[in-house]
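Structure, as structure tokens:
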Amino acid sequence: MECIFCKIITGEIPAKLIYQDDDIVAFRDISPQAPIHILIIPRKHIERISDMKDEDAGLIGNLVLVGKKIAQDEGITESGFRLVFNNNKDAGQAVFHIHLHLLGGRKFSWPPG
Ligand code: AMP
């Protein structure tokens with residue numbers, strides 16, 4: 001198993017875990033791009049959003065709901081936060097196990113860089 005996020009799920013690679021349930025794990029990004037930068041991932045190894053199947057709809061919905069809950073716990077609901085999936089090279093995807101970025105704690109620009 002070569003996937004680093006699968007290794008975080010099994011505990012083979014350490015991470016600052018902040019949430020886990022039967023389907024989802026969340027941990028702090030090792031190279032934070034904002035005061036709060038958390039990655040929310042499914043335990044199921046799916047390489048990219050464009051590989052998702054109709055049967056994954058519930059899982060993806062739950063990733064967003066976990067993002068909402070963590071944002072609340074981190075105190076960034078009122079100030080604002082961003083949820084992002086990067087898909088393939090133009091978006092800068094570096095790890096091929098889908099992950100929802102939760103970013104907050106500062107103001108972000110739009111359009112994104
Ligand atoms: P992406 O560019 O969307 O594929 O994002 C991958 C993210 O994973 C980047 O923000 C990295 O900083 C983060 N990352 C890579 N390795 C680790 C790790 N071992 N623990 C936590 N975050 C990681």
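Order of appearance sets the numbers: ligands from 1, and atoms from 1 within every ligand. Because only heavy atoms are used, hydrogens play no part in the values below, and waters and symmetry mates are left out as well, while side chains stay in.
- Regarding atom 11 (C) of ligand 1, its nearest protein heavy-atom neighbour is Asp29 OD1, 3.4 Å.
- At a heavy-atom cutoff of 4.0 Å, ligand 1 is contacted by no atom of Phe96, backbone or side chain.
- Across Ile9, Asp56, Ile98, a single residue satisfies side chain to side chain contact (heavy atoms under 4.5 Å, CB included) together with Lys44, and that is Asp56.
- Residue-ligand proximity: Ala15 is placed with every non-hydrogen atom at 4.0 Å or more from ligand 1.
- For atom 15 (C) of ligand 1, the nearest non-hydrogen atom of the protein is Ile4 CD1, 4.0 Å.
- Neither the backbone nor the side chain of Phe85 has any atom closer than 4.0 Å to an atom of ligand 1 (non-hydrogen atoms only).
- Of the heavy atoms in Gln33, none comes closer than 4.0 Å to ligand 1.
- Residue contacts with ligand 1 for Val84 are absent, since no atom lies close enough (heavy atoms, distance under 4.0 Å).
- Side-chain rings of His99 and His101 approach one another, their centers coming within less than 6.0 Å.
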Name each donor-acceptor pair under 3.5 Å that joins a side chain in residues 64-73 to protein atoms two or more places apart or in another chain, with its distance.
unit_1: Lys69; atom_1: NZ; unit_2: Asp73; atom_2: OD2; d: 3.2

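- Ranking protein heavy atoms by distance to atom 5 (O) of ligand 1, first place goes to His99 NE2, 3.0 Å.
- Side-chain atoms of Asp21 come within 3.5 Å of backbone atoms of Ile24 as a donor-acceptor pair (strictly under, hydrogens ignored).
- Each salt bridge (Lys or Arg N to Asp or Glu O under 4.0 Å) pair with one or both residues in residues 22-40, not counting sequence neighbours, appears once here: Arg28-Glu74.
- At a heavy-atom distance under 4.0 Å, atoms from both the backbone and the side chain of Ile30 approach ligand 1.
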